[in-house]
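Read the numbers this way: they start at 1 and go in the same order the structure lists the ligands and their atoms. Counting begins at 1 with the first residue of the sequence.
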Amino acid sequence: MLKLHNIKALTLLMALSFISCKSEKEKKEINQQPNIIVIYADDLGFGDVSAYGSEVLKTPNIDRIANEGIKFMNGYAASPTCSPSRYALLSGNYPFKKKNARVLPGNAPLIFDTSKQTLPSMLRDAGYTTGVVGKWHLGLGSENMDWNGEIKPGPLEIGFDESYIMASTNDRVPSVYVKGHRIDGLDAKDPIEVSYKENFEGEPTGKENPELLKLHPSHGHDMSIHNGISRIGFMRGGKSALFTDENMGDDFLRESKAFIDRNKEKPFFLFYSLHQPHVPRVPHPRFAGKSSLGPRGDVIMEADWDVGQLLDYLDELKLTENTIIIFSSDNGPVLDDGYKSDAVEKNGNHTPAGNLRGGKYSLFDGGTHVPFMLMWKGTIEPGISNALVSQMDLPASFASFTGQKNTTEDGENVIDALLGKSDIGRESLILGRTNGISIRHGDWILIPPHKGPKSTGKFTNIETGRDTIYQLYNVKEDIGQQHNVALKYPEMVKKLRDEINKIKAI
Ligand code: NG6
Ligand code: CA
């Protein structure tokens, strides 16, 4: 399949050639461990990227990573929603085993066990400076924390040296950024209050004051109003610290570039966690109306531009060849996820999940099967890989890559697949979260019976994949999961059911 330079031989060759003709500084640069950047989109589907076949929407910058690196055709997020997928990526553990790894309210405490290894703590042990910028959604601090004081534990307690994150999500209060242990830009004279139980007296809400809104909710999202947009949850005060949705892309790009700039002399790991195209979708005016798909398309174009700016910056600093860049998404796509912004009306022929069935929230493949690509320019030759890989495998794989001991539990070392040396990834993978799982094994997917509705409802309108019977699909022959072959292959149903039970019992 993929042609790959023998990395070790290459490094040795480079090292030898430097003995005679390169300066000490240059030698150090080439021989150091490559930087690692994980760029993580929020709700971007398999079919939203032009390298994966999107024709209506063009993503030339994300395509650069796919086309100049390895494009994985079977790359997975751990779950069809955000927090569990992020938890798996950073912890290397299955989210269905963790009670709190579910979509979290904005005042949820940190869900990690801070004594356990994570992707950033492992890389820090390997000598990397580690940073996170952007969406977090993994909880912060402890129960009933005062947001005006020190906000911990958080990213700094699970292995990040630096952090600049959204406190919750862009649709959940508090609508602020947290830098290290503190809310960025908070004025002590105007403290912030946060509640997920009741409103603060005198504060308008989207439900009671729709005349104050520039973006209206379609469902939920009718509580505190900030920047003309009502959110989930209630807050008061903290005015100087509130973010401006239109600038969020620029804010995270600026902070990411600043992190790279501060750490360019030594190996760094950056988790650049984009907020696009999650709701509310509020592009910078530079991108408003630029796609034919309404705000959802516009913010994907914005995200693509952000990625391009980051790639250009690495080029400018001459870091590209010494940096491994991974791009993926935390879960599949959704059109109307709570705001009236024409995502359904303007979608036209666009297929956000490509030819996969379902999307965000779904047990069908569109929930977790996402764009997944890795570029290491100058070392890895471009190619397409069919290896089965999960974001949850990053800790174990990069532990192997950097010579660290892996103590994460469920991720596998698939570094050879990630670096394009092998077309063989994992054999099987459980997908989902506490309230619903499926299993992919080779080309087979088994969805066990699950209680509950078959659709997420009239707004999000996604097939959940739940059914009263076993569903078995061969996704090599039937990528769109149209033919349930459970009755035809009972022994395969049993095999995969036993495998789920075995993994669940561990
Ligand atoms: C849902 C929200 C949705 C989104 C999702 C989490 C409503 C009606 N819907 O509950 O808008 O925030 O949670 O998305 O409130 S995720 O990508 O962060 O998992
Ligand atoms: Ca998400």
Side-chain angles (χ1 to χ4, degrees), residues 38-46 48 76-90 95 100-108 111 134-140 165-175 196 205-207 215-224 229-234 245 248 271 273-282 295-296 299-300 303 327-341 343-344 352-353 358-362 366-372 391 431-436 453 455-462 464:
V38 174
I39 309 176
Y40 208 42
D42 191 358
D43 299 359
L44 189 73
F46 195 69
D48 280 324
Y76 280 84
S79 138
T81 51
C82 175
S83 312
S85 293
R86 285 157 199 268
Y87 169 78
L89 185 152
L90 293 175
N100 294 340
R102 55 183 172 81
V103 175
L104 297 168
N107 60 353
I111 61 171
K135 178 165 176 175
W136 179 244
H137 207 189
L138 290 160
L140 279 174
I165 54 170
M166 217 194 296
S168 176
T169 66
N170 45 345
D171 58 346
R172 285 174 179 76
V173 305
S175 308
Y196 273 75
T205 62
K207 192 171 180 187
L215 179 58
H216 291 262
S218 58
H219 56 296
H221 304 99
D222 60 358
M223 295 163 236
S224 283
I229 303 166
S230 47
R231 323 265 167 170
I232 308 174
F234 302 101
D245 303 76
M248 195 173 277
F271 181 37
S273 179
L274 304 168
H275 69 292
Q276 303 106 330
H278 195 282
V279 296
R281 301 173 183 129
V282 192
R296 184 171 189 276
V299 299
I300 292 175
F327 178 94
S328 198
S329 172
D330 67 343
N331 53 252
V334 53
L335 294 177
D336 178 346
D337 205 17
Y339 291 93
K340 291 180 184 163
S341 57
V344 177
K360 183 174 179 176
Y361 309 112
S362 182
T368 45
H369 193 159
V370 286
F372 195 130
Q391 294 159 7
L431 298 156
R433 53 205 154 121
T434 38
N435 59 348
S455 163
T456 54
K458 71 169 174 161
F459 295 105
T460 42
N461 195 22
I462 293 169
T464 59

Backbone or side-chain N or O of Thr81 under 3.5 Å from ligand 1 N or O: no
Where ligand 1 meets Val279 - atom numbers and elements under 4.0 angstrom, heavy-atom basis: 11 (O)
Parallel, tilted or perpendicular: ring planes of Phe271 versus Tyr40, cut at 30 and 60 degrees: tilted
Which atom of Ser328 lies closest to which atom of Pro371, heavy atoms considered: OG-O, 2.7 Å
From OG (Ser230) to CG (Leu215), nearest 0.5 Å: 7.5 Å
CG on Leu335 to CD1 on Ile462, rounded to 0.5 Å: 7.5 Å
Steps toward side chain to side chain contact (heavy atoms under 4.5 Å, CB included) verdict (Tyr87, Asn100): CA-CA 10 Å; Tyr87 169 78; Asn100 294 340; over 6 Å; no
Ligand 1 versus Asp171: contacting region, heavy-atom distance under 4.0 Å: side chain
Value rounded to 0.5 Å, distance of CZ in Arg281 from CD1 in Ile229: 12.5 Å
Minimum-distance atom from the Ca ion (ligand 2) among N, O or S atoms of Asp330: OD2
Contact partition for Arg86 relative to ligand 1, non-hydrogen atoms under 4.0 Å: neither
N/O/S atom name from Asp43 that is nearest to the position of the Ca ion (ligand 2): OD1
Thr81 and Tyr361: CA distance, side-chain angles, deciding distance, side chain to side chain contact (heavy atoms under 4.5 Å, CB included) verdict: CA-CA 6 Å; Thr81 51; Tyr361 309 112; 3.6 Å; yes
Gap between atom CG of Asp337 and atom CG of Asp43 - 0.5 Å precision: 6.0 Å
Test applied, side-chain contact (heavy atoms from CB on, under 4.5 Å); reference residue, Arg86; option that passes from Ser79, Ser273, Pro95: Ser273
For Asp42, atoms of ligand 1 separated by under 4.0 Å from a heavy atom: 17 (O)
Test side chain to side chain contact (heavy atoms under 4.5 Å, CB included) applied to His369 and Leu431, step by step: CA-CA 10 Å; His369 193 159; Leu431 298 156; over 6 Å; no
Ser85 N/O/S atom closer than 3.0 Å to the Ca ion (ligand 2): no
For Ile232, the ligand 1 atoms whose distance to one of its heavy atoms is below 4.0 Å: 15 (O)
Ligand 1 versus Tyr361: contacting region, heavy-atom distance under 4.0 Å: side chain
Closest protein heavy atom (residue, atom, distance) for atom 7 (C) of ligand 1: His221 CE1, 3.5 Å
Separation between NZ of Lys135 and CE of Met166, rounded to the nearest 0.5 Å: 6.5 Å
Sub-4.0 Å atoms of ligand 1 with respect to non-hydrogen atoms of Val103: 6 (C), 13 (O), 19 (O)
Interfacing atoms of ligand 1 (cut-off 4.0 Å, heavy-atom, Asn331): 17 (O)
Inter-residue atom distance Ile39.CD1 - Leu44.CG, 0.5 Å rounding: 12.0 Å
Test log, rule side chain to side chain contact (heavy atoms under 4.5 Å, CB included), inputs Ile232 and Tyr196: CA-CA 8 Å; Ile232 308 174; Tyr196 273 75; 4.0 Å; yes
Contacting atoms of ligand 1, where contact means under 4.0 angstrom from a heavy atom of His137: 18 (O)
Contact atoms of ligand 1, heavy-atom distance to His278 under 4.0 Å: 4 (C), 6 (C), 12 (O), 14 (O), 16 (S), 17 (O), 18 (O)
Protein heavy atom at shortest distance from atom 11 (O) of ligand 1: Asp337 O, 2.7 Å
Proximity flag Cys82 to ligand 1, non-hydrogen atoms under 4.0 Å: yes
Nearest candidate to atom 8 (C) of ligand 1, where distance is taken over non-hydrogen atoms, out of Lys135, His219, Arg102, Arg172: His219
Protein contact of atom 14 (O) of ligand 1 - nearest heavy atom, named by residue and atom, plus distance: Lys360 NZ, 2.8 Å
Nearest to the Ca ion (ligand 2) - the N/O/S atom of Asp42, by atom name: OD1
Check: Ser83 N/O within less than 3.5 Å of ligand 1 N/O: no
